Amino acid sequence: MEVSQRTQAIHADDALNTARDVAPPLHVSTTFRYADDPKDLVPAADAHISTTETHIYSRLTTPTTTRLERILAPLLKAPSLTYASGLAALHAAYVYLNPDRVSIGDGYHGSHGVLEIQRKLCGTTILPLHCSAPDLHPGDVIHLETPLNPTGEAYNIREFAEKAHSRGAVLLVDSTFGPPGLQDPFEWGADIVMHSGTKYLGGHSDMLCGVLATNNEGWLAGLKQEREFLGSVMGSMEGWLGVRSLRTLELRVKTQSENASKLVQWLDICKNTDSEDEEAQLVKSIVERIQHASLQHQDMPWLKQQMPNGFGPVFVIWAKTEGMARQLPSLLSLFHHATSLGGVESLIEWRSMSDRTVDSRVLRVSVGVEDWEDLKADLTRAFKGLLSTQNASGCP
Ligand SMILES: *Cc1c(COP(=O)(O)O)cnc(C)c1O
């Protein structure tokens with residue numbers, strides 16, 4: 001029976017549900033009993049571990065992470081492997097692909113840290129994202145993060161797929177900011193898709209997870225084999241939380257993305273209106289600029305196709321001054337001042353706290369599933385509070 005992704009999120013792991021439990025049981029064992037009947041004993045060297053449903057040792061597979069991978073496959077539209085974190089997944093991809101050159105732009109600072117290790121060990125050359133096609137050779141990687149952390153800016157996946165493939169290079173897409181339901185990088189030519197499952201796939205700020213998905217069977221087998229030796233597998237507890245989380249992925253992400261678009265639209269209108277109304281004046285006196293894919297008006301011809309259901313729950317507010325950016329989070333009550341993103345609760349981060357390479361006026365906002373009007377009211381209150389402290393301290 002062909003069913004939608006939303007149904008798959010609830011039922012794709014039904015075949016693995018061998019207990020009477022409706023909610024998945026949590027298995028924490030690191031080791032699993034072999035078959036009782038000596039005739040059924042197959043030494044590991046003779047067995048195709050990837051095709052058996054039995055588990056041996058938790059550095060290979062476990063019941064909960066296998067269940068999670070089973071649900072991820074139809075959601076990501078490719079067989080998927082889970083890792084201890086997003087960066088562990090990325091590291092595994094680079095260890096396996098072992099490219100001579102990687103073309104990469106701005107984006108998540110930790111991904112550059114992974115490539116620095118790769119450069120140290122293998123002498124990998126780092127090229128800019130907009131390098132010319134002839135700079136790339138077969139087996140090289142274009143690492144495209146879209147939408148981008150922290151700004152939420154989106155890039156045209158198809159364009160980079162064509163560039164990579166014209167040179168026999170590989171397109172790796174970090175689609176963390178465009179989870180299933182918002183974006184399918186394979187549709188536009190990605191060869192391998194990576195997610196920090198810590199963000200939307202987990203969605204409750206309580207689990208670390210990384211995912212690699214690819215339709216290349218050879219790569220999948222190789223990655224799975226190497227994961228056994230890298231040892232960067234997800235924990236059983238996290239896998240179990242992940243199964244719980246994926247059930248509501250679409251509901252969460254859709255609501256979060258809609259909330260974000262409404263907030264961005266409100267701020268953008270306030271910023272650009274000629275009206276003298278109080279709210280608009282307030283926003284204008286604090287917000288220098290707002291960044292979000294929904295504001296990339298010139299890119300809509302391709303962007304509406306790439307992200308037909310919304311542009312993601314993260315956006316950036318550039319405050320007028322560093323001082324304002326540092327102070328605003330403390331004046332909010334519904335947004336936690338914390339790093340990370342993707343959870344049901346709204347977060348704001350003065351981005352300098354975790355990434356020194358980003359402009360010190362940048363506030364990254366990750367919108368949760370609260371009522372957006374409440375979030376708007378919270379921001380308005382905080383803007384007012386900020387303005388009064390600025391006036392009191394004599395700053396303009
Ligand atoms: C968070 C993040 C990562 C790293 O994921 P971890 O799960 O924290 O290791 C990689 N890429 C992007 C875009 C991210 O936002």
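A quick note: this is a predicted structure, and the numbers were derived from the prediction, not measured. Both counts, for ligands and for their atoms, begin at 1 and track the order of listing.
Counting atoms of ligand 1 from 1 in the listed order, those under 4.0 Å from a heavy atom of Glu145 are 13 (C). Residue Leu87 approaches ligand 1 through these ligand atoms, each under 4.0 Å from one of its heavy atoms: 4 (C), 5 (O), 6 (P), 9 (O). Short contacts between ligand 1 and Phe177, defined as distances under 4.0 Å to a heavy atom of the residue, involve ligand atoms 15 (O). Listed by number with element, the atoms of ligand 1 under 4.0 Å from a non-hydrogen atom of Gly86 are 5 (O), 6 (P), 7 (O), 9 (O). Each of the atoms 1 (C), 2 (C), 3 (C), 14 (C), 15 (O) of ligand 1 lies under 4.0 Å from some heavy atom of Lys199.
Closest to atom 4 (C) of ligand 1 among all protein heavy atoms lies Tyr108 CE2, 3.4 Å. Shortest contact from atom 5 (O) of ligand 1 to any protein heavy atom: Ser196 OG, 2.9 Å.
Although no hydrogens or angles enter the test, the distance criterion places no donor-acceptor pair under 3.5 Å between the side chain of Asp13 and the main chain of Thr64.
By the 4.5 Å heavy-atom criterion applied to side chains, Ser58 and His27 are not counted as neighbours.
Counting heavy atoms closer than 4.0 Å to ligand 1, residue Cys209 contributes backbone atoms (N, CA, C, O) but none from C-beta onward. Residue contacts with ligand 1, taken as heavy atom pairs separated by less than 4.0 Å, involve Asp174 solely via side-chain atoms from C-beta onward.
In this structure, Phe383 and Trp266 have parallel ring planes: the angle between them is below the 30° cut-off, well short of the 60° mark. Below 30°, between 30° and 60°, or above 60°: for His130 and Tyr155 the angle between ring planes is between 30° and 60°, a tilted geometry.
Between Asp100 and the choices Thr125, Val141, Asp140, the side-chain contact (heavy atoms from CB on, under 4.5 Å) rule is met once, by Asp140. With respect to Gln118, the side-chain contact (heavy atoms from CB on, under 4.5 Å) criterion is satisfied by exactly one of Leu90, Leu97, Asn98: Asn98.
At a cut-off of 3.5 Å, with distance as the only test, no side-chain donor of Gln183 or Trp188 sits close to an acceptor on the other residue.
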